[in-house]
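Heads up, the thing below is written out as structure tokens.
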Amino acid sequence: MDASAPTSTNPNPSEPDAAPVTSAAASTAASTDASTGRMSPGRPGYLRMRFALFTAGLATFALLYSTQALLPAISDDLRVQADQASWSVSAATFGLALAVVPLSALSERFGRRAMMTASLTVAVALALLVPFAPDLGWLIALRAVQGAALAGIPASAMAYLSEEVDSKALVGAIGLFVAGNSVGGMSGRILTGWVADVWDWRAALAAVGAMSLLCAVAFRLLLPRARNFTPAPVSPRTLARTLAGHLSNPLLCRLYAIGALFMTVFGGVYTVIGYRLVAQPFGLSQSVVGSIFLIYLVGTVSSAATGKLVGRLGRRGALYVAVSTTAAGLLISLLNSIVAVLAGLVLITAGFFAGHAAASSAVSRTAKTGRAQAAALYQASYYIGSSVGGALGAFAFHLAGWGGTVAMGLVAVGVAAGITVYATRKARAERRAEAARRELCAAPA
């Protein structure tokens, strides 16, 4: 998402934040928000909270993908191949994937604010060490630990917002946090590209570390103390039972797989694209390659439009559109024209964010209990897909150039399409069976 991309929350952008209260349930929610002192526009702490979580999201995703735009420079300096250097990205996302579920459970015991503060502090401390990594092995190890530390932020931020923010203002608060994710993922890559062009990749990583340090200080000073958090004991047995229940749900498993497959394509493409663009026939500079990540803004638009797309075509219809768009982008990017490559990246980015938004938003609707754990499992599968995609995409590029990376992406998109086709046929069969049962029940004895 990139975590620049949202997790399981995907509100309908067509619904106003301040809709009139028309039900008893809404009135009850509003009175509860007032009695517990939840934050809302105009109340103390609201603006501080929004800015604090924006800075946390910005730092998280700037750090998580800080080496991605620098991979060609890292390869040249450390004299390693693309598939080896790519592990500096994959190790961080894999560390996050492994840690997100345990840290989401620990936040129930120690508090959301404490978990986010500790996670950001450790991640920034490691960011100040990463530029001094003597070789690729140390770089990968430090990045893996850094990714695991960052897992505490997405695992806790949504829970903090749901507990501390007025229900009417929750959509806007979550939106700004997600915007911080997106801006952080984009700005971190652009910053590293420009700094590396003037100095080197180590200075670029130091610049991201310095920016993240400022964000961490602002976060700690600004975030209001939690007023509605109640510590709960961490029960490994209960957690394991909840996770097992989610993993035994076929629909949830399909959604997890689809999220992972879309991220496999996205991670592979953006891990390798720098290598293609600095080489001939393009020969672009590191700063220009870093600026390519401005295309992420397309994902912001695509994510926002997905709600309407799902409303018109249904979840599976939206996934078909996302698969087709991503596949078209992969094929167009094969042309040796910078215009074609950029157009391909636009389509890949739009398709990825649409598919991710459709799948992630369906997770919260599908899970009837343990929604936090269901969302954490989606995040884990999503970042595993990023790790696998980055490694496989770079390996394919090493073997067969850009065409190999595109072939890997088309296989992943094809599997996602196959899962969607299977789900469509299964849903149709269930509807036919249900209609037959109704006719049988309605038939006279």
Side-chain angles (χ1 to χ4, degrees), residues 1-5 58-78 80-93 96 127 130-131 133 136 139-140 142-143 146-147 150 181-212 263 265-279 282-299 333 338 341-342 344-346 348-349 352 383 386-387 389-391 393-394 397 402 405:
M1 191 214 176
D2 191 10
S4 66
L58 192 153
T60 297
F61 285 88
L63 290 172
L64 186 62
Y65 291 102
S66 58
T67 62
Q68 193 172 59
L70 300 172
L71 292 178
I74 292 172
S75 289
D76 288 344
D77 185 48
L78 300 182
V80 296
Q81 299 293 335
D83 56 328
Q84 297 172 301
S86 69
W87 279 103
S88 66
V89 181
S90 294
T93 53
L96 191 152
V130 164
L136 183 64
L139 179 62
I140 291 172
L142 288 170
R143 293 280 292 150
Q146 188 178 49
L150 288 170
N181 297 348
S182 178
V183 172
M186 181 181 66
S187 63
R189 292 167 170 96
I190 295 173
L191 174 64
T192 54
W194 282 93
V195 174
D197 215 26
V198 178
W199 288 286
D200 61 12
W201 66 271
R202 295 181 186 274
L205 290 179
V208 172
M211 181 187 74
S212 299
M263 193 56 169
V265 179
F266 195 68
V269 165
Y270 276 99
T271 294
V272 171
I273 191 62
Y275 288 99
R276 187 182 186 204
L277 294 178
V278 299
F282 306 111
L284 301 182
S285 68
Q286 189 68 59
S287 58
V288 175
V289 170
S291 299
I292 293 296
F293 289 94
L294 283 168
I295 292 174
Y296 267 42
L297 294 174
V298 173
S333 72
I338 189 62
V341 171
L342 293 178
L345 289 176
V346 166
I348 292 166
T349 303
F352 160 73
Y383 285 111
S386 177
S387 301
F397 183 81
W402 181 251
T405 302

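Rounding to the nearest 0.5 Å gives a distance of 9.5 Å between CG of L70 and CG of D200. Atom-to-atom distance recorded for F282:CZ and I338:CD1 is 5.5 Å, nearest 0.5 angstrom. Distance check, rounded to the nearest 0.5 Å: OG of S386 to CD of Q68 gives 7.0 Å. We find the OG-CD1 distance between S333 and I348 to be 4.5 Å, quoted to the nearest 0.5 Å. The distance from the CZ atom of R143 to the OG atom of S90 is 10.0 Å, given to the nearest 0.5 Å. Rounded to the nearest 0.5 angstrom, T271 OG1 and W87 CH2 are separated by 11.0 Å.
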Side chain to side chain contact (heavy atoms under 4.5 Å, CB included) between L205 and V195, worked out: CA-CA 9 Å; L205 290 179; V195 174; over 6 Å; no

Going through the checks in order, is the side-chain hydrogen bond (donor to acceptor under 3.5 Å, both in side chains) test met by T93 and S387? CA-CA 6 Å; T93 53; S387 301; 2.6 Å; yes

Go through it in stages, so that I can follow the logic: the residues are W402 and V272, the test is side chain to side chain contact (heavy atoms under 4.5 Å, CB included), and I'd like the CA-CA distance, side-chain angles, deciding distance and then a yes or no. CA-CA 8 Å; W402 181 251; V272 171; 3.9 Å; yes

Between L342 and I292, is the side chain to side chain contact (heavy atoms under 4.5 Å, CB included) condition met? List the steps. CA-CA 8 Å; L342 293 178; I292 293 296; 3.5 Å; yes

Check the pair Y383, L64 against side chain to side chain contact (heavy atoms under 4.5 Å, CB included), reporting the backbone distance first and the verdict last. CA-CA 11 Å; Y383 285 111; L64 186 62; 3.8 Å; yes

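Within the 4.5 Å cutoff, no side-chain heavy atoms of L284 are placed close to those of V278. By the 4.5 Å heavy-atom criterion applied to side chains, Q146 and L96 are not counted as neighbours.
Remark: side-chain polar atoms of R202 are paired, donor with acceptor, to backbone N or O of P131 under 3.5 angstrom. With hydrogens and angles ignored, the 3.5 Å screen pairs a side-chain donor or acceptor of Q84 with a backbone N or O of Q81. Checked by atom type and distance alone, the side chain of T349 never pairs as donor or acceptor with a backbone atom of I295 at under 3.5 Å.
Residue V208 comes nearest to L63 through the heavy atom pair CG1-CD2, 3.9 Å, listed as atom of the first residue, atom of the second, then distance. A pairwise comparison of heavy atoms in V289 and G274 identifies CG1-CA, 3.7 Å as the closest pair. Summarising the geometry of V346 relative to V298, their closest heavy-atom pair is O-CG1, 3.8 Å, with the distance given to 0.1 Å. Minimum interatomic distance between T405 and G268 (heavy atoms only, all atoms of both residues): CG2-O, 4.0 Å. S86 and D83 get closest at one heavy-atom pair: OG-O, 3.0 Å.
Residues passing the side-chain contact (heavy atoms from CB on, under 4.5 Å) test with S75 are V80, A85, Y275, sequence neighbours excluded. When the side-chain contact (heavy atoms from CB on, under 4.5 Å) test is applied to D76, no partner is found at least two apart in sequence or on another chain.
Side-chain atoms of T192 and W201 form no donor-acceptor pair, as typed in the model, at a separation below 3.5 Å. In the model, S88 has a side-chain atom that pairs as donor or acceptor with a side-chain atom of T67 under 3.5 Å.
Ring to ring, Y270 and F293 are close: their centroids are under 6.0 angstrom apart.
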